[in-house]
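Okay, so here's the structure we're looking at.
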Amino acid sequence: MSFPQKKYKLLLFAIITILILLSNFSLYRVSFLKPLPEKIIWGSLIDFFIIIPGMIYILYFKNRFSLQKIGFLMLLAYSAAYLIIPQKLLHEDHVVPYFIGVCESSLLIIEIYFLSRLLRKLPAFISSLRTLNKQSSYLIYNYRNTAARFFPGSKMGEISVTDFSLFYYALFSWRKKIKIHTGQVFSFHKKTSGIALYIMLIHATAIETIGLHYFLHQWNPLASYILLFLNIYGFLYFLAEIQTLRLSPFWITEDLLILQAASKGMEVPIHDIQDIFSYTGPEKISSKEYNMLFDARAIDFIQEKPQFEIKLTKPHPIYFMYGFQRKVDRIILSVDDPHAFSQQLKQKIYCFHADSR
């Protein structure tokens, strides 16, 4: 499916879903619609448990059936019903509580099933991850590959990469040093203000947390605690980004180029790299073109023009937070030692291309 088609289907799904949710929300709260017809609650349950999950299934899960996806859809449906339909109405119809009870029981069974699978594989998973971590300090790369091995095709495995790596880098990596078992590493942040920028953002987040939490608490305690949670999460995210800049430089192994940060990363086989050359494009990249490439530069106050562009022979995925991916066939980047980096990568590319002839 092409990118415009995906955007169109996503927009159409979002519009229909919002209209369904708003109409159901208004139905139970707008006074001139009352009294409500008898059994109207079943119309809402059909919307939440059949219409919306059905659209999600057709758009995203078609030909990829799994219990995990069914459990996710049931959880969404149950949450919508619980938040929108008044609790009084849920219990007025004697059949509805039994229906909700069946849904809750099904969710619980699915959760127990996946928990049992996780617990069975957890010791071997931890052992394998520790072995990889002894060989290199690239925890996100190690965790993603271990999760793909033990939980192939699992979206939860991909999502867990973000939270696990975030808490590890933010809280437990401050005495760690860069460690690799093969190849060479090249730092890319020492000539930028990336760390200083993240420190400034941490300070701003701390000030905002203290000030806004106090004022919001006077108005709505729940909103203040939600904001507090988001700010703490943002604080940890900035700390994790600082540590990944330090502990995850660009890594050229025998057969891979690994570009990793806390929020995004990419692993490209050397044989899929067509060439590396000096970047000659515009200094300001348009948003349309930006979506077609991977910007591996460190964040900076004033982003300078990239030093290199890497052309791939075929599209490869960028791994973003929470399992999101996007395929690109170009990479732009800058490094602290551009000559050594380009020479090493060109040598690897030449060797692979020579061996393939």
Atom CZ of F301: over 12 foreign heavy atoms under 6.0 Å: yes

Residues, nucleotides or ligands: over 12 heavy atoms within 6.0 Å of F25 CZ: no

Hydrophobic cluster membership, L22 vs I16, 4.5 Å side-chain cutoff: no

E304 atom CD, over 12 foreign heavy atoms within 6.0 Å: no

Note, E309 side chain near I276 side chain (heavy atom, < 4.5 Å): no

Hphob cluster co-occupancy, L132 + L259, side-chain heavy atoms under 4.5 angstrom: no

Check: K305 side chain, G281 main-chain N or O, donor-acceptor pair, under 3.5 Å: yes

W251 side chain near L257 side chain, heavy-atom distance below 4.5 Å: no

Closest non-hydrogen atom pair, S165 against T162: OG-O, 3.1 Å

By ring-ring contact (aromatic ring centres under 6.0 Å, His included) - contacts of F188 (at least two apart): F250

Nearest non-hydrogen partners of L312 and V328, listed with the distance: CD1-O, 3.8 Å

Within 6.0 angstrom of M266 CE, more than 12 heavy atoms from elsewhere: yes

Q325 (side chain) donor-acceptor with Y319 (main chain) under 3.5 angstrom: no

Within 6.0 Å of CZ in F320, more than 12 heavy atoms from elsewhere: yes

R130: salt bridge (Lys or Arg N to Asp or Glu O under 4.0 Å) partners, not counting sequence neighbours: none

side-chain hydrogen bond (donor to acceptor under 3.5 Å, both in side chains) between Q274 and T313, intermediate numbers included: CA-CA 5 Å; Q274 183 175 318; T313 58; over 6 Å; no

E289/R330 salt bridge by N-O under 4.0 Å criterion: yes

Beyond-backbone contact of K264 with M321, side-chain heavy atoms, under 4.5 angstrom: no

Interatomic spacing from CG in L245 to CD1 in I299 - rounded to 0.5 Å: 9.0 Å

Any donor-acceptor N/O pair, S334 side chain to Q307 backbone, under 3.5 Å: yes

Student check: side-chain heavy atoms of D255 and P269 closer than 4.5 Å: no

side-chain contact (heavy atoms from CB on, under 4.5 Å) partner of I310, chosen from I349, L345, D275: L345

S26 side chain vs S23 backbone, donor-acceptor pair below 3.5 Å: no

Side-chain touch Y169/L139, heavy atoms, less than 4.5 angstrom: yes

Pairwise side-chain hydrogen bond (donor to acceptor under 3.5 Å, both in side chains) hits with a residue in residues 175-188, at least two apart: Q184-Q344, S187-D336

Side-chain heavy-atom pair Y138, N145 within 4.5 angstrom cut-off: no

Non-hydrogen side-chain atoms of I20 and T17 separated by less than 4.5 Å: no

Spacing of CD1 belonging to I202 relative to CZ belonging to F238, to within rounding of 0.5 Å: 7.5 Å

ILVMFWY clustering at 4.5 Å (side-chain atoms), partners of I332: Y279, I285, Y290, L293

Salt bridge (Lys or Arg N to Asp or Glu O under 4.0 Å) partners for R144, two or more places apart: E267

All N/O donor-acceptor pairs, side-chain side in residues 43-50, below 3.5 Å, sequence neighbours left out:
{"from": "S44", "atom 1": "OG", "to": "N24", "atom 2": "OD1", "distance (Å)": "2.6"}
{"from": "S44", "atom 1": "OG", "to": "Y28", "atom 2": "OH", "distance (Å)": "2.6"}
{"from": "D47", "atom 1": "OD2", "to": "N24", "atom 2": "ND2", "distance (Å)": "3.1"}

Sub-4.5 Å side-chain heavy-atom contact between D163 and Y233: yes

Verify same cluster id: L247, I195 (apolar side-chain graph, 4.5 Å): yes

Joint cluster assignment, F294 & M292, ILVMFWY side-chain distance < 4.5 Å: no

Donor on one side chain, acceptor on other, D329 and H316, under 3.5 Å: no

Spatial distance of atom OH (Y237) from atom OG1 (T244) [nearest 0.5 Å]: 8.0 Å

Side-chain (S128) to main-chain (A124) donor-acceptor, under 3.5 angstrom: no

Distance-minimising heavy-atom pair for S193 and D300: N-OD1, 3.0 Å

Single-linkage hydrophobic cluster, 4.5 Å side-chain cutoff, F277 and I252 together: no

